[in-house]
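Here's the structure, in structure tokens; my notes come after.
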Amino acid sequence: MVNITFPDQSVRKYEDGITGMDIAKSISNSLAREVLSISVNGEIRDLTRPIYEDAEIRLHKWDDDEAKHAFWHSSAHLMAEAIEALYPGTKFGIGPSIENGFYYDVDPGDDVVITDADLPKIEKKMKELAARKSRYTREEISKKNALSLFGKKGDEYKTELINDLEDGTISLYSHGNFTDLCRGPHLPDTSPIKAIKLLNVAGAYWRGDEKRKQLTRIYGITFPKQSLLEEFLERIEKAKQRDHRKIGKELELFTFSQKVGQGLPLWLPKGAQLRERLENFLKNVQKQHGYEPVITPHIGLKELYVTSGHYEKYGKDSFQPISTPQEGEEFLLKPMNCPHHCEIYKSKPHSYRELPVRMAEFGTVYRYEQSGELHGLTRVRGFTQDDAHIFCRPDQLKEEFIKVIDIIHHIFNALDFKDYTTQVSLRDKEDHSKYIGNDENWEKAEQAILEAVEEKGLKTNVEYGEAAFYGPKLDFMVRDAIGRKWQLGTIQVDYNLPERFDLEYIGADNQKHRPIMIHRAPFGSMERFVAVLIEHTGGKFPIWLTPDQVVVLPVSEKYHDYAEKVSNLLNNYDIRTLIDERSEKVGKKIRDNELKRIPYLLIVGEKEKESGTVSVRRQGKGDKGVMKLDDFATLISQEVDNQLKFIDTI
RNA sequence: GCCGAUGUAGCUCAGUUGGUCAGAGCAGCUGAUUUGUAAUCAGCAGGCCGGGGGUUCGAAUCCCUUCAUCGGCUCCA
């Protein structure tokens with residue numbers, strides 16, 4: 001007998017070799033119908049796998065990630081079976097479950113191309129196969145047998161995977177006519193897979209290595225119910241509606257021109273206004289935190305970047321040097337602001353007393369990103385970093401780090417990114433050879449970051465081996481209004497540049513010392529941040545930030561003079577107000593301005609003119625009734641002030 | 001950079017198998033309308049069908065090539 005402990009800590013005895021499915025059945029038939037996988041002592045397993053030891057278990061239904069994992073993993077196998085049936089001789093790479101669904105990397109042979117147009121056919125086959133209720137069966141196999149099995153099939157990807165595995169841990173899963181190397185877990189059978197949608201095909205390098213063969217990756221998602229699939233597709237549709245490229249076009253925020261060049265955004269007046277407001281906001285915050293603005297040119301001598309090391313690492317894959325009539329003279333478009341800032345630091349000697357020095361610049365940089373990687377405003381070739389560099393003493397590192405965290409926290413709050421997490425990137429635990437700087441400093445810096453994060457109570461995960469070669473870092477990921485994650489701000493410690501630029505300060509001991517540099521960018525880049533802000537808000541920006549706050553809609557031409565009076569008064573209060581003077585009906589004016597996401601619409605006609613009032617509509621909320629003009633001015637001023645006050649006091 | 005898809009007026013899209021196929025709606029312009037809480041009406045103007053080659057009597061439609069965009073992969077100082 002085995003003792004099975006349930007999540008509520010109750011314990012029941014079962015026969016040796018009982019399966020998760022049997023346990024579910026022993027509780028209720030309805031549970032047995034819904035359960036999809038089981039955790040046994042924290043390890044996710046098949047429901048059909050016998051349990052021979054005392055265990056704490058959890059049974060997973062669809063709502064648990066553990067259930068979805070098994071469900072989608074099984075779906076990947078089902079897709080593979082369908083592909084093998086339709087494209088005999090296909091070789092298989094890997095086919096895991098992912099956050100939303102699953103994929104399988106396949107090699108259908110050199111002269112076979114699978115495209116989007118083939119997906120419905122594969123889907124259909126999958127549905128057919130799923131309906132057969134094939135059981136997923138597990139089999140443990142020796143390495144030798146596994147190699148021979150997949151060797152016979154000619155599946156070199158699988159044999160490569162097997163070669164990397166320890167003998168004795170290799171398992172196969174089979175269902176229907178398909179057998180795959182797989183750790184599991186899987187569903188008991190294919191029958192719960194009711195709704196199937198294959199999403200897209202893409203090329204993916206085998207084992208993520210661009211020097212190796214590119215396989216065909218097919219993404220898909222499945223659900224136990226058709227309605228869940230429909231909800232999922234609706235969510236995708238909603239996300240599309242928030243796409244910053246679409247909204248950027250609609251609201252005339254930015255554009256691109258082939259004549260200017262790929263990945264080089266053109267900020268339109270409304271977008272420029274928005275961005276400038278964000279920049280001014282951050283400039284004020286930074287001023288309060290002791291940053292000093294600096295300004296540096298867009299190009300610098302090639303030697304500058306040779307010194308910084310950037311040329312060696314990125315030079316050949318980047319915008320190439322600009323030559324001049326002067327023989328041998330070459331400039332580079334600046335890919336980073338830091339070398340310039342280092343030179344500013346070096347422009348005079350520094351005492352330990354004046355550190356930290358904090359230099360801030362909205363510095364525009366140019367990087368030759370791979371063409372396939374460009375994407376709207378989130379990945380471009382020319383962009384402006386909200387950059388700053390802090391030069392400090394080792395004993396100031398932690399405090400400075402905390403101050404930067406405060407700024408980033410402040411900014412995220414002000415812009416309504418309430419939900420964010422962080423990642424601490426540290427050195428590889430074993431291999432320190434690829435990092436510059438001495439062990440002692442690294443340890444101090446890593447410790448400082450971990451303590452800072454701890455003190456600030458940040459949600460974080462620590463990743464070893466993710467640090468840059470020049471120092472550890474802390475990245476900020478926000479979750480937007482519809483739950484997607486975006487990486488924004490970053491704080492990085494740098495031992496490399498102070499070394500390369502031979503930066504120093506005179507310490508209390510009258511000796512020369514090396515300062516530490518902190519790079520930090522709360523927004524990351526203005527382009528990327530504005531893109532994320534657009535997707536987060538769906539274009540409905542906070543009122544203090546939005547380009548146009550109020551539009552006055554006169555009901556007819558007769559009230560244009562009153563509309564002008566209203567608009568003048570509001571503009572005098574610094575409320576950004578326009579008048580819609582088109583000869584259109586009110587309904588049309590409302591519709592158009594709602595679509596432009598104007599926060600307040602003021603309808604004015606005979607009644608309003610007579611009584612010195614305005615009829616107020618709030619964006620998305622409809623008619624809010626009539627108000628005295630002065631009262632409205634006060635109301636909206638207060639709303640803006642409150643937002644800004646909130647921002648100031650965070 | 002790699003794999004796949006797409007590319008028709010400012011925007012969103014129609015254009016069956018190559019033969020009045022260069023269209024629609026919105027936006028724009030002109031005029032009428034003077035409007036009361038999410039689309040007033042009419043007229044006009046707008047495109048060498050991404051660019052360049054080719055096949056054909058004939059190409060938006062087929063082929064090649066190039067550029068750009070989209071979905072991924074790789075990369076991201």
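Numbers restart at 1 for each chain; the letters A, B, ... are given by sequence-line order, proteins then strands. Small disclaimer: the values here were computed from a predicted structure and weren't measured.
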Does [N] have a Watson-Crick or wobble partner in any strand here, with both distances under 3.5 angstrom, and which is it?
| N | value |
| --- | --- |
| B:C41 | B:G31 |
| B:A60 | none |
| B:A24 | B:U12 |
| B:C48 | none |
| B:G7 | B:C67 |
| B:C73 | B:G1 |

Side chain of [X] only, heavy atoms from C-beta on: which candidate in [options] is closest?
| X | options | answer |
| --- | --- | --- |
| A:R591 | B:U37, B:A39, B:G1 | B:A39 |
| A:R367 | B:G71, B:A77, B:U37 | B:A77 |
| A:S556 | B:U35, B:A68, B:G4 | B:U35 |
| A:K588 | B:A39, B:G1, B:G36 | B:A39 |

Quiz question: by atom type and distance under 3.5 Å, do the side chains of [X] and [Y] form a donor-acceptor pair?
| X | Y | value |
| --- | --- | --- |
| A:Q549 | A:Y600 | no |
| A:E535 | A:W486 | no |
| A:K607 | A:S615 | no |
| A:S371 | A:Q262 | no |
| A:Q492 | A:Y470 | yes |

Residue-phosphate contact under 4.0 Å: [X] side-chain N/O, [N] OP1/OP2:
| X | N | value |
| --- | --- | --- |
| A:Y219 | B:C73 | yes |
| A:T115 | B:G4 | no |
| A:K558 | B:G36 | no |
| A:Q262 | B:A68 | yes |
| A:K249 | B:U12 | yes |
| A:H375 | B:G71 | yes |
| A:R245 | B:G71 | yes |

Euclidean distance, atom [atom1] of residue [X] to atom [atom2] of [N] [Å, nearest integer]:
| X | N | atom1 | atom2 | answer |
| --- | --- | --- | --- | --- |
| A:D592 | B:G28 | CG | C1' | 13 Å |
| A:D116 | B:A5 | CG | C1' | 6 Å |
| A:M517 | B:A77 | CE | P | 15 Å |
| A:D475 | B:A77 | CG | P | 10 Å |
| A:K211 | B:C3 | NZ | P | 16 Å |
| A:Y103 | B:G71 | OH | P | 18 Å |
| A:R381 | B:U69 | CZ | P | 8 Å |
| A:Y366 | B:C76 | OH | C1' | 18 Å |

Checklist entry - For A:Y368, is the NZ or CZ atom of A:R381 found under 6.0 angstrom from the centre of its six-membered ring and inside 45 degrees of the ring axis? => result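 Pair A:R381/A:Y368 counts as cation-pi.
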
Next on the checklist: For A:F319, does the six-membered ring have the charged nitrogen or CZ of A:R367 within the cation-pi criterion, i.e. under 6.0 angstrom from the centroid and within 45° of the normal?
Outcome noted: no

Can you tell me, in whole Å, how much space there is between the [atom1] of [N] and that of [M]?
| N | M | atom1 | answer |
| --- | --- | --- | --- |
| B:A45 | B:A22 | C1' | 16 Å |
| B:G71 | B:C13 | P | 14 Å |
| B:G10 | B:G46 | C1' | 9 Å |
| B:A60 | B:U8 | P | 15 Å |
| B:C44 | B:C48 | C1' | 22 Å |
| B:C26 | B:U66 | C1' | 33 Å |
| B:C11 | B:G4 | C1' | 27 Å |
| B:G51 | B:U61 | P | 10 Å |

Checklist outcome for this item: Glycosidic torsion of B:G10 (syn if within 90° of 0, anti otherwise) classifies it as anti

Please classify the nucleic acid contact of [X] as base, sugar-phosphate, or nothing, using heavy-atom distances under 4.0 Å.
| X | result |
| --- | --- |
| A:Q258 | sugar-phosphate |
| A:F256 | nothing |
| A:D623 | base |
| A:A204 | sugar-phosphate |
| A:V555 | base |
| A:Q487 | nothing |
| A:G372 | base |
| A:G605 | base |
| A:R217 | sugar-phosphate |

Taking atom types as they are modelled, would you say the side chain of [X] forms a donor-acceptor pair with the base of [N] within the 3.5 Å cutoff?
| X | N | value |
| --- | --- | --- |
| A:Q214 | B:G1 | no |
| A:E594 | B:A38 | yes |
| A:R379 | B:C76 | yes |
| A:Y205 | B:G1 | yes |
| A:S583 | B:U34 | no |

Item to check | Passing candidate, side-chain hydrogen bond (donor to acceptor under 3.5 Å, both in side chains) with A:Y559, options A:E608, A:K609, A:E606 | outcome: A:E606

Item to check | Closest-nucleotide ordering on RNA chain B, the 5'-leading residue of A:V113 and A:V626 | outcome: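 Its nearest nucleotide being more 5', the pick is A:V113.
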
Checklist entry - Start at the 5' end of RNA chain B and walk down; is the nucleotide closest to A:A468 or to A:I114 reached first? => result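 Checking each residue's closest nucleotide, the 5'-ward one belongs to A:I114.
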
Which pairs, protein N/O on one side and nucleotides 49-51 of chain B N/O on the other, fall under 3.5 Å?
none

Is a salt bridge present between [X] and [Y], judged by a nitrogen-to-oxygen distance below 4.0 Å?
| X | Y | result |
| --- | --- | --- |
| A:R217 | A:D105 | yes |
| A:E99 | A:K485 | no |
| A:D561 | A:K565 | no |

Item to check | Option among A:F476, A:F383, A:F529, A:F362 that satisfies the ring pair (Phe, Tyr, Trp, His ring centres under 6.0 Å) test with A:F523 | outcome: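 The single option meeting the ring pair (Phe, Tyr, Trp, His ring centres under 6.0 Å) with A:F523 is A:F529.
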
